[in-house]
Amino acid sequence: MASEGQSGIPGIGSLLGAQRALGGAIEDVRTIAEGMRLIPELVRVLSSIEKHVTSMDREVSRMRDGVEGLGAQVRALEDAMEQVFEPLAEIGLTLHPLKRGASRISRMGRRPPDPSSPE
């Protein structure tokens, strides 16, 4: 009678096994149902994120267009600066000897008068 189960009543062991399996299945269904309650909130959050991403996509496109426009302006500014720097370099070369002459004249004006020279 060992095949009759633990209690000695025929089929009771299989009935307890089925009850345990059914209890586990019910717990699984309960867990799934609790998770299903979250789905509407997840849909709302994901929809909100999608709207923001779409909005940001348009903004990023406008920003890229603006940056590309700035690139052309920066190149134009660099070209203009090169055109200004070349003449400034030439002016600097021209002014260098004049600065030395002005410095000499300035030093001559600061010298004390020579007592041996007639006034």
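Computed from a predicted model, the values in this text were never measured in an experiment.
- Applying side-chain contact (heavy atoms from CB on, under 4.5 Å) to S48 and the options K51, H52, E50 leaves one that passes, H52.
- Note: the hydrophobic cluster containing I32 also contains V43 (ILVMFWY, side chain heavy atoms under 4.5 Å, direct or indirect links).
- Taking CG of L88 as the start and CG of L95 as the end, the distance is 10.0 Å to the nearest 0.5 Å.
- Between the side chain of S106 and the backbone N or O of A102, no donor-acceptor pair lies under 3.5 Å.
- Note on V45 and V53: same hydrophobic cluster, where clusters join Ile, Leu, Val, Met, Phe, Trp and Tyr whose side-chain heavy atoms are under 4.5 Å apart, directly or indirectly.
- A salt bridge between R75 and E78 is absent, with no side-chain N of the basic residue lying under 4.0 Å from a carboxylate O of the acidic one.
- Side chain of S61 to main chain of D57: a donor-acceptor pair is present (N/O by atom type, distance under 3.5 Å, no hydrogens or angles).
- One hydrophobic cluster, built from ILVMFWY side chains closer than 4.5 Å, cannot hold both I26 and V29; they sit in different ones.
- Minimum interatomic distance between T94 and L98 (heavy atoms only, all atoms of both residues): O-CG, 3.8 Å.
- R44 has a carboxylate O that lies under 4.0 Å from a charged side-chain N of E41, or vice versa, which qualifies the two as a salt bridge.
- Taking CG of L77 as the start and CD of E82 as the end, the distance is 10.5 Å to the nearest 0.5 Å.
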